[in-house]
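Comments concern the structure below.
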Amino acid sequence: MSRAEDIFEKLIYFGEDAIDEFILNRQTEELFMDFKQAVSDGKSMRALHQNDRRNLAKAISAFGNSEGGVLVWGVECARDVELGDVAQAKVKVKNVHRFLSWLEGAISGCTIPSHNKVRNHIICSDKNGDGILATYIPKSDIAPLMTTAGSQIYIRSGSNNVPAPYSVIAGMFGKRPQPNIDMVINNKMIEVAKENEEDIFRPVKKTKKKENVVKVRFSLLAENNSNAIAKEVFLSCNTLSVGGDKNKVNFYYDSQLDNLASEHNSINLITPLEMRVPPRALFSCAKAEIRFYDDITEDFLMEGVIGAEGSVPKSFRIYVTKNDLRSFVAQALRKNADLEVLTNEFFSCYLKREF
């Protein structure tokens, strides 16, 4: 999953609260996110305003030719001398459902070739029908994308959409497709249970009272999100700090992969030389289980990298400060705790991907 998709999923899950957080924290426009106000009012107009269509086309071209991104409609920005353009206030899109319909109808005609993987989602809508909407634009497999109006090819540079230099365009046309390996984290689950007497990592004495433990479980999958065959797909994951003396991290890897010698709480996997991963394929690498007890003494930090021969490696990390971890474990251990909500919050707040 890409950084852009992470942002899009956060907006879907947290809704208007995520927008409020952006404004409170003065979130800057950046490589993977842009804020726009909509000119189309959805009431007196009968079609998407040219300014909105132009902004949509430039975003599809720039994000699609780069690493993807999210365009948030309905947020006003202010210029900060040190930070750049930061989210300042909500200026909701008028008749957001009508605006969504116009966006959907305009996407295919914004670029040549058209980008058919663009998705829109209404983040929130008030009683007047006004709201905020997000447009998710993944990296295109058929770059370069050229805008139909102005015939310009854009790329994302920092927080701006800029015309692509000739050398970049030439590279896009002549570039052989490369594998693009993404990490997919699936089967996320949190469970509260008693210690297992048969646990070989930390056996429980017969006379000792069993403690409750919070188990965070998830699967690590690799996805070849490209049109190229991938070879020597690798995954390395290392837990640098477990959060306390009792806490443990266990990995269980798939038998089709080779596991190199690694330290406890770590795993180093690579596909055999004869194994080839076809385009769009998704396969299981490993399962992970983190066990948290209620005596948290330090931060938790797990870092990893995934990639393949000829691809750009991508990093991911799970980082929880000791104070946040204490609060999380305490909530999970409460009677009648909503573990589904805690699962979503844990992976939304503490799992980060870096590209």
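Fair warning: this is a prediction, and the values are worked out from it, not measured in the lab. By convention here, the first residue in the shown sequence is residue 1.
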Hey, are the side chains of L269 and D258 touching, using non-hydrogen atoms and a 4.5 Å cut-off? no
Does a side chain donor of either N180 or S226 reach within less than 3.5 Å of an acceptor in the other side chain? no
What's the separation between atom CD1 in I318 and atom SG in C237, rounded to the nearest 0.5 Å? 7.5 Å
Are a donor atom and an acceptor atom from the side chains of S241 and D299 found within less than 3.5 Å of each other? no
Determine whether M33 and V91 fall in the same hydrophobic cluster, where Ile, Leu, Val, Met, Phe, Trp and Tyr are linked whenever their side-chain heavy atoms lie under 4.5 Å apart. no
Side-chain heavy atoms nearer than 4.5 Å, only ILVMFWY residues, links allowed to pass through others: does that put L257 and I185 together? yes
Does a side-chain heavy-atom distance below 4.5 Å link F63 with V70? no
Carboxylate-amine/guanidinium contact E67 K139, below 4.0 Å: yes
Is the shortest side-chain N to carboxylate O distance from K231 to E309 below 4.0 Å? no
Qualifying side-chain hydrogen bond (donor to acceptor under 3.5 Å, both in side chains) pairs with a residue from residues 143-158, counting only residues at least two apart or across chains: D34-R156, R156-N161
Just checking, any donor-acceptor pair under 3.5 angstrom between side chains of S40 and W102? no
Identify whether the distance between the nearest side-chain nitrogen and carboxylate oxygen of E16 and K90 falls below 4.0 Å. yes
Taking the six-membered ring of Y252, is the NZ or CZ of K287 close enough (under 6.0 Å from the centre) and on axis enough (within 45°)? no
Determine whether the side chains of S219 and N186 contain a donor N or O and an acceptor N or O closer than 3.5 Å. no
Salt bridge check: are R3 and E30 linked by an N-O gap of less than 4.0 Å? yes
Only one of F328, F292, Y319 passes ring-ring contact (aromatic ring centres under 6.0 Å, His included) with F300; say which it is. F292
As a quick check of understanding, evaluate side chain to side chain donor-acceptor pair (under 3.5 Å) for N238 and S266, giving each step before the final call. CA-CA 4 Å; N238 184 28; S266 302; 2.4 Å; yes
Any salt bridge between E298 and K322, counting N to O under 4.0 Å? no
Using ring pair (Phe, Tyr, Trp, His ring centres under 6.0 Å) as the criterion, list what pairs up with Y350, not counting sequence neighbours. F346
Close side-chain approach of Y136 to V118, heavy-atom, < 4.5 Å: no
Same cluster for V214 and L339 if Ile/Leu/Val/Met/Phe/Trp/Tyr side chains link at under 4.5 Å? yes
Give me the other members of the hydrophobic cluster that L273 sits in, counting Ile, Leu, Val, Met, Phe, Trp and Tyr linked by side-chain heavy atoms under 4.5 Å, directly or via other members. none
